[in-house]
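Before any comments, here is the structure.
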Amino acid sequence: MTGRLADLPLTGITVVSLEQAVAAPFATRQLADLGARVIKVERPGDGDFARRYDTTVHGESSYFVWLNRSKESITLDLKTDAGREVLERLLARADVFVQNLAPGAAARLGLAPEALAERFPSLIPAGLSGYGTSGPWSERKAYDLLVQCQTGLVSLTGNEHGTARAGISVADIAGGMYLYTGILTALFTRATTGRARAVEVSLFEALAEWMHQPAYYTRFGGTQPPRIGTRHATIAPYGAFTAADGKDVLFSIQNEREWAALCERFLKRPELTEDPRFATGSDRVAHRDALDALVAERFTELDSAAAGAILDEAGIANAGVNDMEAFLNHPVLEARERWRDVRIPGGTPVPALRPPADLAGTEPRMDPVPAIGEHTEPVLAELGYGPEDIAALRAAHAV
């Protein structure tokens, strides 16, 4: 089931996007979920290079299927005059223009925010870059792992044996989320003031926002948080412990009430609340190894289900450490009916999670993932191009 456009809050908003990879497509897909018309402009022949990241979803890329449902795909060669003319006509009808082109490419194409404001005063330009459009790294290319490294995230991720990247594209996701919310804010501002404001987000600054807590810890604590796997730099006990059946259970103690409950009901050692080594949160962190040893010993006496049940009864949040198969079959997603079918190029339906923000009484739009250039001719016809004009554009390799 997919939402009716008439019921969705962004119905009537048109977004034209020169996008590729993850961050910008993530932002525009969320606009499409809310009813915006997203016209995705791709290069003739190759298209968005995320289409070729892998072929795991019935021959389609897992990234592309995730990020591009409910969009229209057209192909344009913006190195040709005819291709740029088509884009100009699109922008004249659009509300938002999104781009995450290589550094300097938008300006060379006449698509910098200042130039667009002169030609299209009501258009909201939204750009996503690696390190910002000013400053010493404005011309530097970036991708997710580089930004994870530059913000220090990789130095915190892993364990005592070495660093590790986060297992998903966190910099791209952060950048896409801030671009999405920035566009929503700009649309609201235009609706209330009549003024279209440009939106700029960089991957580096988006992920930098997420790094505030370890940055404060380092600046004022004199050393950065250690790499300790599933444990926590400032909370103990916190982490995954192996139960008697070989399965891991993760839990954490968030306050003194939970600490007392853990000692009395799980560890069966109420006297530990009086142990000066564990009197406060900071004391427990300072004596983490001794405390973890006590907890680990108790876990060897229980299977994972029994351990989880006791922690539940004690009011202590806990979870098994799922692999991806367990996640796919998670009972919460099933019971709350979070999966919807979305069709990919060729028509095969694949399950997709509905957007996490539920708007009461509204079903999100979850229309098919487009084939490359699937909507080129219908969009050109809307712009006033006749069959002979379209044939000429194709002959000139402009589309």
Note to self: Can you tell whether the side chains of Asp275 and Arg269 come within less than 4.0 Å, N to carboxylate O?
What the structure shows: no
Margin query: Using a 6.0 Å cut-off, check whether atom CZ of Arg119 has over 12 heavy atoms from anything other than its own residue.
Written below: yes
Margin query: The criterion is salt bridge (Lys or Arg N to Asp or Glu O under 4.0 Å); which residues satisfy it with Arg354, sequence neighbours excluded?
Written below: Asp358, Glu363
Checklist line | Pair Lys71, Thr28: side-chain N/O donor-acceptor within cut-off below 3.5 Å | finding: yes
Checklist line | Matching residue for Val57 among Thr348, Val369, Val65 - test: side chain to side chain contact (heavy atoms under 4.5 Å, CB included) | finding: Val65
Next item on the list: Over all heavy atoms of both residues, which pair between Ser304 and Asp245 is shortest? Give the atoms and the distance, please.
Entry: OG-OD2, 2.8 Å
Next item on the list: Indicate, with yes or no, if Ile316 and Val285 share a hydrophobic cluster defined by side-chain heavy-atom contacts under 4.5 Å among Ile, Leu, Val, Met, Phe, Trp and Tyr.
Entry: no
Next item on the list: Identify whether the distance between the nearest side-chain nitrogen and carboxylate oxygen of Arg84 and Glu88 falls below 4.0 Å.
Entry: no
Checklist line | Ring geometry between His287 and Phe278 (parallel below 30°, tilted from 30 to 60°, perpendicular above 60°) | finding: perpendicular
Item checked: Ion pair Arg284/Glu258, N-O distance below 4.0 Å -> no
Checklist line | Arg140 NZ/CZ over Phe204 ring centroid, <6.0 Å and within 45° of normal | finding: no
Checklist line | Where at least one partner belongs to residues 291-311, residue pairs that pass salt bridge (charged side-chain N to carboxylate O under 4.0 Å, His left out), sequence neighbours excluded | finding: Arg231-Asp292, Arg298-Glu301
Notebook entry, point to check: Under 6.0 Å from the CD atom of Glu209, do we count more than 12 heavy atoms belonging to anything else shown?
Noted result: yes
Note to self: Exactly one of Asn322, Val321, Thr230 should register a side chain to side chain contact (heavy atoms under 4.5 Å, CB included) with Asp248. Which one does?
What the structure shows: Val321
Next item on the list: Return yes if a side-chain donor-acceptor contact under 3.5 Å exists between Glu200 and Ser202, otherwise no.
Entry: no
